[in-house]
Colleague: 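Have a look at this one.
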Amino acid sequence: QVQLVESGGGLVQAGGSLRLSCAASGRTFSSYAMGWFRQAPGKEREFVAAVSWSGDSTYYADSVKGRFTISREDAKNTVYLQMNSLKPEDTAVYCCAAAMYGSLRISSEYDYWGQGTQVTVSS
């Protein structure tokens, strides 16, 4: 069992930055690939970014490539999402998730989910 708790969301002006953190419980954090997804009101949940089990590979949605950076720190059981050059369309609830196996861009492949943290970008 893995419990995930996100933090770092908030209100920011367009062009600003935020760093989201996701802290995981348990001693098997390194066994999971980690991902970030987001869901805006009235929209489907969408993939944002993922980092592989080893941390050697990262994956991004086209909409955030070049602006967002995902990283993991296994010693702290934490995954981060650094978000720069934020746009109003980035406004959403951001959730982190853990996957033992599978395609990291697909939400149904993930085994555990956090509750989410709200990110609001004003224009």
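Treat the numbers as computed from the prediction; the structure is a model and nothing was measured.
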Colleague: Between atom CG of Leu4 and atom CZ of Phe29, what is the distance when rounded to the nearest 0.5 Å?
Modeller: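 It is 8.0 Å, given to the nearest 0.5 Å.
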
Colleague: Salt bridge or not between Lys76 and Asp74? Use side-chain N to carboxylate O under 4.0 Å.
Modeller: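 No salt bridge links Lys76 with Asp74.
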
Colleague: Look at the side-chain heavy atoms of Ile, Leu, Val, Met, Phe, Trp and Tyr, link any pair under 4.5 Å apart, and say whether Val93 and Phe68 land in one connected group.
Modeller: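 No, Val93 and Phe68 fall in different hydrophobic clusters.
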
Colleague: Can you name the ring pair (Phe, Tyr, Trp, His ring centres under 6.0 Å) partners of Tyr94, sequence neighbours left out?
Modeller: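 Checked Tyr94 against ring pair (Phe, Tyr, Trp, His ring centres under 6.0 Å); zero matches.
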
Colleague: Could you note down all residue pairs passing disulfide bond (SG atoms under 2.5 Å apart) where residues 31-60 supplies at least one of them, sequence neighbours left out?
Modeller: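 Every pair satisfying disulfide bond (SG atoms under 2.5 Å apart) with a residue in residues 31-60: there are none.
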
Colleague: So which pairs with a foot in residues 6-85 pass disulfide bond (SG atoms under 2.5 Å apart), sequence neighbours left out?
Modeller: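 Residue pairs passing disulfide bond (SG atoms under 2.5 Å apart), neighbours aside: Cys22-Cys96.
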
Colleague: Please list all pairs passing the salt bridge (Lys or Arg N to Asp or Glu O under 4.0 Å) test where one or both residues lie in residues 51-68, with sequence neighbours left out.
Modeller: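 As it turns out, the salt bridge (Lys or Arg N to Asp or Glu O under 4.0 Å) pairs with a partner in residues 51-68, which skip direct neighbours, are Asp62-Lys65, Arg67-Asp90.
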
Colleague: Using distance only, find each side-chain donor-acceptor pair of residues 8-19 under 3.5 Å and give its atom names and separation, not counting sequence neighbours.
Modeller:
from, atom 1, to, atom 2, distance (Å)
Ser17, OG, Asn84, OD1, 2.9

Colleague: Quick one: salt bridge (Lys or Arg N to Asp or Glu O under 4.0 Å) partners of Glu89, sequence neighbours excluded?
Modeller: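 Result, salt bridge (Lys or Arg N to Asp or Glu O under 4.0 Å) vs Glu89: none returned.
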
Colleague: Can you tell me how far CG of Leu20 sits from CE of Met83, rounded to the nearest 0.5 angstrom?
Modeller: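 Met83 atom CE to Leu20 atom CG measures 3.5 Å (nearest 0.5 Å).
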
Colleague: Between atom OG of Ser25 and atom CD of Gln1, what is the distance when rounded to the nearest 0.5 Å?
Modeller: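 It is 7.5 Å, given to the nearest 0.5 Å.
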
Colleague: Return the set of residues passing side chain to side chain contact (heavy atoms under 4.5 Å, CB included) with Thr69 (not counting sequence neighbours), or none when no residue passes.
Modeller: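 So Thr69 forms a side chain to side chain contact (heavy atoms under 4.5 Å, CB included) with Tyr60, Gln82.
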
Colleague: What residues form a salt bridge (Lys or Arg N to Asp or Glu O under 4.0 Å) with Asp111, not counting sequence neighbours?
Modeller: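 Partners of Asp111 under the salt bridge (Lys or Arg N to Asp or Glu O under 4.0 Å) test: none.
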
Colleague: List the residues meeting ring pair (Phe, Tyr, Trp, His ring centres under 6.0 Å) with Tyr59, not counting sequence neighbours, and say none if there are none.
Modeller: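 Tyr59 satisfies ring pair (Phe, Tyr, Trp, His ring centres under 6.0 Å) with no other residue.
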
Colleague: According to disulfide bond (SG atoms under 2.5 Å apart), does anything in residues 30-94 pair up with another residue at least two apart or in another chain? List the pairs.
Modeller: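 Counting only pairs at least two positions apart or across chains, no disulfide bond (SG atoms under 2.5 Å apart) contact touches residues 30-94.
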
Colleague: For Gln118, which residues count as a side chain to side chain donor-acceptor pair (under 3.5 Å) partner, sequence neighbours excluded?
Modeller: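 Checked Gln118 against side chain to side chain donor-acceptor pair (under 3.5 Å); matches are Thr120.
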
Colleague: Give a yes or no on whether the backbone of Val121 and the side-chain of Thr91 come within a donor-acceptor separation of less than 3.5 Å.
Modeller: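 A pair under 3.5 Å: yes.
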
Colleague: Ignoring hydrogens and angles, tell me if any N or O in the side chain of Ser52 forms a donor-acceptor pair with the backbone of Gly55 under 3.5 Å.
Modeller: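 Here the side-chain-to-backbone pair exists.
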
Colleague: Answer yes or no: is there a side-chain heavy-atom contact under 4.5 Å between Glu46 and Arg38?
Modeller: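 Yes, side chains in contact.
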
Colleague: Mind listing the closest non-hydrogen atom pair of Leu104 and Ala99 along with its distance?
Modeller: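 Heavy atoms only, the tightest pair is CD2-CB, 4.2 Å.
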
Colleague: Might you point out which heavy atoms bring Trp53 and Arg72 nearest each other, and give the distance in Å?
Modeller: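 Scanning both residues, the minimum pair turns out to be O-NH1, 3.6 Å.
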
Colleague: If we only count heavy atoms from C-beta on, is the Trp36 to Phe47 side-chain gap below 4.5 Å?
Modeller: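 SC-SC contact between Trp36 and Phe47 ruled out.
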
Colleague: Distance from Arg45 atom CZ to Cys95 atom SG, nearest 0.5 Å?
Modeller: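 Here the interatomic distance stands at 7.0 Å.
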
Colleague: Please determine whether side-chain contact (heavy atoms from CB on, under 4.5 Å) holds for the pair Ser31 and Met100, giving the CA-CA distance in whole Å, both sets of side-chain angles, and the decisive distance to 0.1 Å.
Modeller: CA-CA 7 Å; Ser31 298; Met100 183 74 80; 4.3 Å; yes

Colleague: For Trp113, what residues pass the ring pair (Phe, Tyr, Trp, His ring centres under 6.0 Å) criterion, not counting sequence neighbours?
Modeller: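 Checked Trp113 against ring pair (Phe, Tyr, Trp, His ring centres under 6.0 Å); matches are Phe37, Tyr110.
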
Colleague: Is Tyr101 close to Glu109 at the side-chain level, that is, under 4.5 Å between some pair of heavy atoms?
Modeller: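 No - every pair of side-chain heavy atoms lies 4.5 Å or more apart.
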
Colleague: Does Glu73 use its side chain to pair, donor to acceptor, with the backbone of Asn77 at less than 3.5 Å?
Modeller: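 No; zero donor-acceptor contacts below 3.5 Å.
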
Colleague: Would you compute the distance between atom CE of Met34 and atom OG of Ser71 and round it to the nearest 0.5 angstrom?
Modeller: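 That separation rounds to 11.5 Å.
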
Colleague: Any chance CD of Gln115 has more than 12 other-residue heavy atoms, nucleotides or ligands included, within less than 6.0 Å?
Modeller: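 Atom CD in Gln115 is not packed in, count stays at 12 or less.
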
Colleague: Shared ILVMFWY cluster between Val48 and Tyr80, side chains joined below 4.5 angstrom?
Modeller: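 No, separate clusters.
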
